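What follows is a single structure, written as structure tokens, with notes after it.
Predicted model, so just to flag it, every value in this text is computed and none were measured. So you know, we letter chains A, B, ... as the sequences are listed, proteins then strands, and number each from 1.
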Amino acid sequence: MKAIFFIFFIFIYSFQARADEPNAWAGVGFESWIGKLPTQIVDGKALKLIETDGVKKITQKIVPAYEMDAINKYYVESLVSKIDNFIIINKCMPHNCPSELAMIVIDMNSPRIWVGLFLRDDTHSSTRWYSNGDDYSVLPNTIKQSFLERHGD
Amino acid sequence: MKYTYEQMATLVRDNNKSLCFSDEFIICLIWKESGFDSDATNSMSTATGLMQITKSAVEMVNSNTPNGTHYKHSDMTDAVKNIQCGSYYLDIAKNKLNGIDTGYGTDEGYSKSIMACEISLKSDKDHYMVALHKIHK
């Protein structure tokens with residue numbers, strides 16, 4: 001019985017770990033999303049790029065739940081784009097797009113993700129970046145500039 | 001496509017069909033709705049493009065504008081058609097839907113920051129970013 005549990009555990013562990021491996025990452029098929037909206041309706045169901053297995057696993061780890069709740073309300077979306085080897089997803093709040101927004105940056109070559117958020121209201125503004133890799137400062141300048149332009153630079 | 005302020009100002013100047021709202025007002029509204037991104041699409045509704053035009057708004061424009069004026073919702077990611085249709089719709093919302101706060105936006109405060117932006121933009125076009133930063137809740 002113990003042996004069966006052990007084999008089952010190894011099977012589950014290897015399956016879960018797979019999403020963190022570069023080869024599995026490449027299999028997510030990011031290229032196919034470029035030029036499309038990050039939410040696609042397939043057979044009546046919403047298919048979201050940020051909810052694909054590997055991406056969701058990482059964002060859930062690095063982004064606080066209250067920030068994820070906000071991102072999930074950012075229904076206004078731009079077409080998925082590619083800058084260098086990074087996939088870019090832009091989302092913002094309906095009727096308040098430049099003042100409540102998120103940019104999700106996915107490294108196509110390895111399982112690294114950056115999530116940038118911006119908020120502005122009457123009394124304050126804030127910018128937050130979350131990542132499972134290096135600080136956002138390592139991202140290409142074109143990506144950082146694009147984020148700034150989204151909220152008005 | 002993400003437009004610059006200068007590109008947007010030209011597009012609005014050439015395509016604003018509204019008799020009630022200034023070019024500056026529409027620039028500020030577009031910034032609020034889509035951040036000047038003509039591909040912006042709401043995943044939970046049919047709101048599409050620069051002015052986030054819905055299917056019902058397109059239908060209303062088609063049935064309330066001069067003969068020969070006709071738009072398709074599938075064209076609303078086209079910046080020119082979106083601004084034309086959206087600016088027609090603004091007048092309809094103002095005159096037939098109890099104003100744009102509820103006819104276009106979500107609540108009574110919807111247009112407040114747009115008007116603040118409009119006033120700022122009219123008084124100082126050179127520093128347009130100061131005006132655009134007035135767009136928030």
Side-chain angles (χ1 to χ4, degrees), chain A residues 33-42 44-51 70-81 83 88-104 116 118-127 142-143 145-153, chain B residues 1-8 27-54 76-77 86 93 100-114 116-117 120-121 127-137:
Chain A
W33 285 89
I34 298 168
K36 295 178 183 169
L37 291 166
T39 300
Q40 295 287 314
I41 305 300
V42 180
K45 290 182 179 175
L47 180 63
K48 300 182 177 187
L49 176 51
I50 65 166
E51 291 188 356
I71 292 171
N72 288 332
K73 290 175 186 163
Y74 294 170
Y75 299 131
V76 178
E77 303 177 328
S78 306
L79 299 179
V80 176
S81 60
I83 298 175
I88 313 293
I89 303 167
N90 283 296
K91 295 166 70 69
C92 64
M93 182 64 98
H95 304 301
N96 201 29
C97 192
S99 298
E100 289 180 75
L101 60 85
M103 172 187 274
I104 297 109
F118 176 78
L119 177 71
R120 175 186 288 121
D121 62 24
D122 259 343
T123 56
H124 81 293
S125 63
S126 69
T127 299
T142 44
I143 293 177
Q145 186 57 37
S146 169
F147 179 79
L148 292 172
E149 286 171 1
R150 290 263 159 197
H151 59 79
D153 181 54
Chain B
M1 178 178 174
K2 181 90 163 67
Y3 289 90
T4 63
Y5 168 80
E6 288 81 3
Q7 290 170 323
M8 191 52 57
I27 291 168
C28 293
L29 181 143
I30 290 172
W31 179 246
K32 183 178 177 75
E33 289 293 333
S34 65
F36 295 164
D37 186 342
S38 59
D39 294 314
T41 301
N42 189 316
S43 61
M44 293 292 282
S45 75
T46 60
T48 302
L50 293 172
M51 296 180 73
Q52 291 288 283
I53 306 299
T54 60
M76 286 301 112
T77 52
I100 66 160
D101 282 352
T102 51
Y104 200 105
T106 49
D107 53 53
E108 288 186 2
Y110 173 76
S111 62
K112 186 181 168 188
S113 67
I114 301 176
C117 172
S120 177
L121 204 50
H127 298 97
Y128 57 85
M129 204 51 77
V130 173
L132 297 182
H133 282 185
K134 295 185 184 300
I135 294 293
H136 54 70
K137 279 188 177 172

Separation of Lys137(B) NZ from Met93(A) CE (nearest 0.5 Å): 5.0 Å

Residue part contacting chain A, namely of Asp37(B), when any heavy atom lies under 4.5 Å: side chain

Rounded distance [0.5 Å steps], CG in Leu37(A) versus OG1 in Thr48(B): 9.0 Å

Interface moiety of Gln52(B) toward chain A, non-hydrogen atoms closer than 4.5 Å: side chain

Inter-residue atom distance Phe36(B).CZ - Arg150(A).CZ, 0.5 Å rounding: 12.0 Å

Interface residues of residues 118-126 of chain A facing chain B - non-hydrogen atoms under 4.5 Å apart: Arg120(A), Asp121(A), Asp122(A)

Engaged part of Tyr104(B) at the chain A interface, taking heavy atoms whose separation is under 4.5 Å: backbone

Region of Thr41(B) in contact with chain A, defined by heavy-atom distances below 4.5 Å: both

Side chain His133(B), main chain Gly152(A), donor-acceptor under 3.5 Å: yes

Part of Leu132(B) lying under 4.5 Å from any heavy atom of chain A: neither

Rounded distance (nearest 0.5 Å) linking atom CG of Asn42(B) with atom SG of Cys97(A): 10.5 Å

Over all atoms of both residues, closest heavy-atom pair of Tyr110(B) and His95(A): CE1-ND1, 3.7 Å

From Lys134(B) atom NZ to Ser99(A) atom OG, the distance as rounded to the nearest 0.5 Å: 12.5 Å

Chain B contact via Glu100(A) - which portion, at a heavy-atom distance below 4.5 Å: side chain

